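Letters A, B, ... mirror the listed sequences (proteins, then strands); counts begin at 1. Computed from a prediction, not measured in an experiment: that's the story for all the values here.
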Amino acid sequence: MKIATWNINGVKARIENLCIWLKESDPDVVCLQEIKSVDENFPREAIEALGYHVETHGQKGFNGVAILSKATPEEVMRGLPGDDTDEHARFMEAVFSTENGVVRIVSLYLPNGNPIDTPKFPYKLSWMERLNAFAADRLALEEPLVLAGDFNVIPEPVDCYSPAAWAGDALFQPESRNAFRRLENLGFTDSIRAVDDRTGVYTFWDYQAGAWPKDNGIRIDHLMLSPEAANRLKSAGIEKHVRGWERPSDHVPVFVHLDI
DNA sequence: ATGACTAGCGTGGCTAGA
């Protein structure tokens, strides 16, 4: 099973690229973030025509996540538990039944958190607390679980081109990195780092200041695997070339192959 | 010049992203 995550930065602006990529990459499940669309306006027909089931969790203007899948999910849950007042559409979970058992897949768009001297940063940290509580709860099921999405966390200095440039940024604060590490300490595996320890492994390049041609990137899109999923990890990769397409997202697709 | 951003909302220039 090939599972991919992609912060698409506006699904309506990117529908052509999305369809080209679906045909080229042929994933079984796709977790999208920043669809920037309400559910009613999601361009589902073009995606369904390629053989995908579409589940969305959108809102007006910004945020929004979706899960596209060749198989129809058994269950879909929208919203990260732990705060009924949180209106942001940043989290959904789908459960799939396969010949080899159940697979649970989350599409998440973790808050950016900038600037760090505003309420946006504590919102990010509290969201990460809720995510860790959710993850700990799900681990008790002892199922293959993939937490896939834009985590907006640079885990280590090696995950960015210029650590000094990110020192004051919410994506690279010790608190953000610690919360990400706690997810690993629960038993989740960072799938890209499980297969690739090189430098210069990025998933995002800013639109500004020639970041892409200079390869000035960061690694913030992750697929975190529960022990049961990690035990079935066959490969993982980043589809970097997609950043070079016409009208690209600033993020590229990241994927795992699980032996499921 | 020293690579001067993009999408959505909604029609001018803001919010939000990272």
Side-chain angles (χ1 to χ4, degrees), chain A residues 5-19 21 31-43 46 56-66 86-91 107-125 127-128 131 148-177 179-180 192 200-222 238 240 242-254:
Chain A
T5 181
W6 189 11
N7 180 322
I8 198 164
N9 188 18
V11 70
K12 295 191 288 280
R14 217 74 62 205
I15 185 61
E16 197 172 327
N17 277 6
L18 175 58
C19 289
W21 173 74
C31 298
L32 296 178
Q33 300 86 37
E34 278 206 275
I35 62 172
K36 297 186 176 178
S37 173
V38 293
D39 297 335
E40 308 85 81
N41 294 339
F42 190 94
T56 63
H57 179 42
Q59 70 179 102
K60 187 176 179 180
F62 67 123
N63 298 330
V65 291
D86 185 356
E87 303 282 327
H88 286 199
R90 297 180 174 275
F91 183 98
S107 179
L108 68 89
Y109 177 43
L110 210 147
N112 174 299
N114 281 306
I116 58 174
D117 59 352
T118 69
K120 294 187 176 191
F121 190 54
Y123 172 60
K124 176 185 191 130
L125 296 180
W127 206 95
M128 295 187 83
L131 178 63
D150 176 359
F151 282 70
N152 270 316
V153 176
I154 300 166
E156 298 293 337
V158 71
D159 295 312
C160 60
Y161 180 84
S162 172
W166 292 93
D169 196 281
L171 280 61
F172 199 49
Q173 289 308 291
E175 296 93 331
S176 310
R177 295 175 56 197
F180 184 84
I192 290 293
V201 178
Y202 307 133
T203 66
F204 169 92
W205 295 260
D206 201 286
Y207 289 122
Q208 305 185 60
W212 168 243
K214 287 190 286 199
D215 199 23
N216 179 4
I218 53 178
R219 193 175 71 89
I220 56 174
D221 300 274
H222 309 299
I238 299 171
K240 181 176 179 178
V242 175
R243 185 64 177 78
W245 288 0
E246 291 293 315
R247 290 194 78 199
S249 170
D250 38 8
H251 299 248
V252 297
V254 186

TODO: Would you mind building the protein contact string for nucleotides 4-12 of chain B? One character per nucleotide, 5' to 3', B for base within reach (heavy atoms under 4.0 Å), S for sugar-phosphate only, - for untouched.
DONE: -BSSSSS--
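- At whole-Å resolution of the value, OH in A/Y123 and C1' in B/dA16 are 13 Å apart.
- Nucleotides B/dT15 and B/dG10 place their P atoms 14 Å apart, quoted to the nearest Å.
- Separating the C1' atom of B/dT11 from that of B/dA7 is a span of 15 Å, rounded to the nearest Å.
- Contact between the side-chain N/O atoms of A/Y161 and the OP1/OP2 oxygens of B/dA18 is not found at any separation under 4.0 Å.
- As rounded to whole Å, 8 Å separates atom P of B/dG17 from atom CG of A/N152.
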- [ ] For A/L108 and A/V65, run side-chain contact (heavy atoms from CB on, under 4.5 Å): C-alpha distance rounded to whole Å, both residues' side-chain angles, the deciding distance at 0.1 Å, then the answer.
- [x] CA-CA 7 Å; A/L108 68 89; A/V65 291; over 6 Å; no
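- Using modelled atom types and a 3.5 Å distance limit, the side chains of A/W205 and A/D215 yield a donor-acceptor pair.
- Of the inter-residue distances, the one linking A/N152 atom CG with A/Y109 atom OH reads 6.0 Å to the nearest 0.5 angstrom.
- Residue A/D169 contributes atom CG, which lies 12 Å from atom P of B/dG17 at whole-angstrom precision.
- Contact between the side-chain N/O atoms of A/N112 and the OP1/OP2 oxygens of B/dA18 is found at a separation under 4.0 Å.
- DNA chain B lies under 4.0 Å from at least one heavy atom of each of the following residues of residues 212-221 of chain A: A/P213, A/I218, A/I220.
- The structure places OG of A/S37 at 3.0 Å from NZ of A/K12, a figure rounded to the nearest 0.5 Å.
- Using a 4.0 Å heavy-atom criterion, one finds that A/K124 contacts no nucleic acid atom at all.
- A gap of 25 Å separates the P atoms of B/dG17 and B/dG12, to the nearest Å.
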- [ ] Show the numbers, then the answer: is there a side-chain contact (heavy atoms from CB on, under 4.5 Å) between A/W212 and A/D206?
- [x] CA-CA 7 Å; A/W212 168 243; A/D206 201 286; over 6 Å; no
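- Contacts of A/F172 with the nucleic acid, taken as non-hydrogen atoms under 4.0 Å apart, are absent.
- At distances below 3.5 Å, not a single donor-acceptor pair connects side-chain atoms of A/K240 with backbone N or O atoms of A/P253.
- Using a 4.5 Å heavy-atom cutoff, the side chains of A/I154 and A/Q173 are not in contact.
- Defined by atom type and a distance below 3.5 Å, a donor-acceptor pair is present between the side-chain atoms of A/D221 and A/T203.
- Taking atom CZ on A/R90 and atom P on B/dG17, their separation rounds to 6 Å, with Å as the unit.
- Atom name P, nucleotides B/dG13 and B/dA18: the rounded distance is 26 Å, in whole Å.
- At the phosphate of B/dA18, OP1 or OP2 sits under 4.0 Å from a side-chain N or O atom of A/N7.
- For A/H251, no side-chain nitrogen or oxygen approaches OP1 or OP2 of B/dG17 to under 4.0 Å.
- In this structure A/H222 satisfies the ring pair (Phe, Tyr, Trp, His ring centres under 6.0 Å) test together with A/F151, A/F180, sequence neighbours excluded.
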